[in-house]
2 protein chains.
Amino acid sequence: MNPLEEMGGENYLPGVSVDNVIFGFHDNQLKVLLLESKNGSHWMLPGGYIQKDESLDTAASRVLLDRTGLKKVFLQQFHVFGDPSRSKESLIKGAIKSLQIDVAKTHWFFNRFITIGYYALVEFEKVIPVPDKHSTSCAWKDIDKLPPLIFDHHEIIDRALVDMRHHLNYQPIGYNLLPREFTMKNLQSIYETILGRKLDRSNFTRKMLASGILDKKEKLYTGGAHKAPFLYSFNKQEYFKVLKEGFNNEF
Amino acid sequence: MNPLEEMGGENYLPGVSVDNVIFGFHDNQLKVLLLESKNGSHWMLPGGYIQKDESLDTAASRVLLDRTGLKKVFLQQFHVFGDPSRSKESLIKGAIKSLQIDVAKTHWFFNRFITIGYYALVEFEKVIPVPDKHSTSCAWKDIDKLPPLIFDHHEIIDRALVDMRHHLNYQPIGYNLLPREFTMKNLQSIYETILGRKLDRSNFTRKMLASGILDKKEKLYTGGAHKAPFLYSFNKQEYFKVLKEGFNNEF
DNA sequence: GTACTATTGTGTCAAATTGACCCAATAATA
DNA sequence: TATTATTGGGTCAATTTGACACAATAGTAC
């Protein structure tokens with residue numbers, strides 16, 4: 001969240017925001033949903049303030065709904081960013097310019113604020129990106145080709161990736177990231193992107209099938225200039241059982 | 001942190017605190033450092049507010065130093081607790097009674113506040129517990145025999161344990177928790193306490209030695225009515241290498 | 001239709017790791 | 001000196017991992 005958005009008087013907690021790192025998956029590439037500042041010089045994470053009687057998770061969900069139209073997705077708090085320098089005056093001034101806001105120098109948001117980072121995993125195709133009032137566009141960006149970001153938003157994304165990588169050790173992933181039916185290669189690409197390294201194809205398949213969270217479909221995927229791969233879907237019951245009880249996911 | 005402590009005017013961020021779950025190890029038992037409220041009815045986590053120009057980590061370190069006299073220990077942010085009900089009026093009133101504070105009903109801390117949870121691993125013998133101005137004593141409590149705690153402090157401790165358990169999957173542990181020299185049983189007890197289950201003794205030894213983070217000492221530990229076990233110390237260089245690069249710690 | 005390309009499903013196999021034991025050794029104690 | 005509790009140091013089968021092999025096949029170029 002950039003601190004420049006209006007607070008709406010007494011309705012929000014002062015000096016605290018949530019920022020969402022919303023991951024999607026398309027063309028076997030991990031992407032992040034970002035907002036473009038009004039003068040087009042910088043991008044930022046979708047974020048928002050926390051209402052007086054709202055839980056942190058609810059605030060993050062609300063932001064997610066506003067920017068994507070999605071409910072009930074995987075949303076996980078991962079870290080608080082509160083370095084005093086993250087909202088230094090010089091940075092604020094740059095942000096004011098980017099966002100083309102007119103504001104008095106005595107405004108409260110020249111004060112320090114902290115932000116709670118959440119990451120979300122969403123189904124790319126279902127998202128309808130909606131800019132907020134301080135941005136001109138809302139779009140997906142490749143995780144390895146990020147545009148210039150305001151404040152410490154690049155650091156927040158990096159940290160989301162690292163923490164997600166650790167969560168991968170004891171949680172399955174993909175349920176909220178892939179369409180209902182997908183190929184093994186799609187799933188493997190997600191793991192490879194998050195882990196930042198290549199995995200052996202047949203060993204990956206072996207392990208995923210052994211976990212029991214996948215249902216093999218009768219249908220095949222056709223379209224590629226090669227042997228048609230199977231389609232899979234997640235076995236919802238098994239998936240959430242494994243999600244709850246944990247499994248060894250060392251790749 | 002209980003929200004009743006004075007803020008000292010404009011020196012702190014409003015509505016935000018840090019709370020430390022400080023773990024120590026003694027008699028092969030994991031313990032938490034707690035403060036006793038003035039009327040003795042409840043205990044609480046050592047916590048504090050964040051100074052205007054202080055990072056979150058620094059604030060947590062400061063609290064730790066104040067209550068234990070220790071610097072440079074392992075301190076890790078793990079979760080933010082911000083449920084609106086955690087600081088409901090009824091709870092606050094109970095806390096006011098416990099802490100024997102006289103305060104106007106319009107005081108700011110009747111408002112909602114959030115707290116950032118940190119956990120610390122410290123060497124039990126080196127700690128000099130110091131109560132703060134709202135507590136009569138500061139003492140170690142067994143993790144499985146916790147006294148009644150104010151607000152959501154019990155939940156915070158539980159969450160610290162769960163998160164620490166997950167960190168165990170890719171981080172070594174013990175460096176800040178054990179004295180310079182210790183037995184393999186000491187180390188195993190820490191793992192068993194955090195994981196909440198028994199481990200096979202010789203398999204545990206095998207794995208720890210293979211990790212390379214331990215140096216075997218010439219000396220033996222004597223005192224028990226049985227064969228004298230070896231003493232070990234951490235190989236600092238290897239320990240931090242593994243801490244940084246990660247290792248598979250599945251037990 | 002035919003050859004070619006890219007990628008797939010499946011299988012193999014040695015190496016490494018894990019889990020479940022066993023046993024002789026020994027410090028303190030009775 | 002015998003007993004007890006716990007240790008260091010194994011063994012061994014079962015399982016998992018990592019690296020690779022190979023035939024099958026959907027599209028594409030011709």
Side-chain angles (χ1 to χ4, degrees), chain A residues 25 27-29 168-170 172 174 178 181-193 195-233 242 245-251, chain B residues 27-29 165 168-170 172 174 178 181-193 195-233 242 245-251:
Chain A
F25 202 69
D27 289 337
N28 281 345
Q29 261 279 341
L168 223 54
N169 282 320
Y170 52 91
L178 288 167
E181 296 185 335
F182 51 88
T183 67
M184 193 62 80
K185 185 184 180 61
N186 295 151
L187 187 57
Q188 185 176 340
S189 295
I190 294 179
Y191 275 81
E192 289 180 338
T193 306
L195 293 173
R197 60 191 167 92
K198 289 289 171 191
L199 302 173
D200 182 274
R201 182 177 56 86
S202 69
N203 295 340
F204 179 84
T205 304
R206 181 213 284 161
K207 189 143 193 180
M208 287 309 304
L209 291 180
S211 78
I213 63 175
L214 296 179
D215 287 336
K216 188 183 280 188
K217 299 288 160 184
E218 292 300 324
K219 237 187 321 175
L220 301 179
Y221 167 85
T222 55
H226 49 74
K227 183 172 178 179
F230 289 133
L231 284 170
Y232 295 91
S233 66
V242 168
E245 296 172 7
F247 79 129
N248 178 2
N249 225 344
E250 288 285 329
F251 287 105
Chain B
D27 290 338
N28 281 345
Q29 262 279 339
R165 188 172 302 165
L168 222 55
N169 282 320
Y170 52 91
L178 288 167
E181 296 185 334
F182 51 88
T183 66
M184 192 62 79
K185 185 185 180 63
N186 296 150
L187 188 57
Q188 186 177 340
S189 295
I190 294 179
Y191 275 82
E192 289 180 337
T193 306
L195 293 174
R197 62 192 166 90
K198 290 288 170 192
L199 302 173
D200 182 273
R201 182 177 56 87
S202 68
N203 294 341
F204 179 84
T205 304
R206 181 213 284 159
K207 190 143 193 179
M208 287 309 304
L209 291 181
S211 78
I213 64 174
L214 297 179
D215 288 336
K216 189 184 281 188
K217 299 289 158 183
E218 293 300 323
K219 238 188 321 179
L220 301 179
Y221 167 83
T222 56
H226 50 73
K227 183 172 178 179
F230 288 134
L231 285 170
Y232 295 90
S233 66
V242 168
E245 296 172 6
F247 79 131
N248 180 1
N249 224 344
E250 288 285 330
F251 286 104

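Residue numbers start from 1 in every chain, and the chains themselves are labelled A, B, ... in the order their sequence lines are given, proteins ahead of strands.
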Novice: Could you pull out the closest heavy-atom pair between A/Pro229 and A/His226, with the gap in Å?
Specialist: CD-CE1, 4.3 Å
Novice: Quick one, A/Phe230 and A/Met184 - any side-chain contact, counting heavy atoms below 4.5 Å?
Specialist: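 When only atoms from C-beta onward are counted, A/Met184 and A/Phe230 do not touch, as no gap falls below 4.5 Å.
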Novice: Is B/Leu199 close to B/Arg197 at the side-chain level, that is, under 4.5 Å between some pair of heavy atoms?
Specialist: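 When only atoms from C-beta onward are counted, B/Leu199 and B/Arg197 do touch, with a gap below 4.5 Å.
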Novice: Rounding to a whole Å, what distance do you find between A/Leu199:CG and D/dT17:C1'?
Specialist: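 After rounding, the reported distance stands at 13 Å.
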Novice: Side chains of B/Tyr232 and B/Ile213, heavy atoms from C-beta outward: is any pair under 4.5 Å?
Specialist: no
Novice: Does any non-hydrogen side-chain atom of A/Leu187 lie less than 4.5 Å from one of A/Phe25?
Specialist: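 Not touching, per the 4.5 Å side-chain cut-off.
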Novice: Angle between the end axes of the helix from C/dG1-D/dC30 to C/dA30-D/dT1, five pairs per end, to the nearest 10 degrees?
Specialist: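 Terminal axis comparison yields 10°.
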Novice: Is there a side-chain contact between B/Ser202 and B/Asp200 in this structure, where contact means two heavy atoms from C-beta onward sitting under 4.5 Å apart?
Specialist: yes
Novice: Summarise protein proximity over nucleotides 6-15 of chain C in one line of letters, 5' to 3': B for base, S for sugar-phosphate only, - for none, counting protein heavy atoms closer than 4.0 Å.
Specialist: BBBBBBB---
Novice: Roughly, in whole Å, what's the span from NZ in B/Lys217 to P in D/dG8?
Specialist: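 From B/Lys217 NZ to D/dG8 P: 16 Å.
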Novice: Could I get the full list of side chain to side chain donor-acceptor pair (under 3.5 Å) partners for B/Thr183, not counting sequence neighbours?
Specialist: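 Listed in chain order: B/Asn186.
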Novice: Please report the shortest heavy-atom distance between A/Glu181 and A/Leu231, naming the atom on each side.
Specialist: OE1-CD1, 3.9 Å
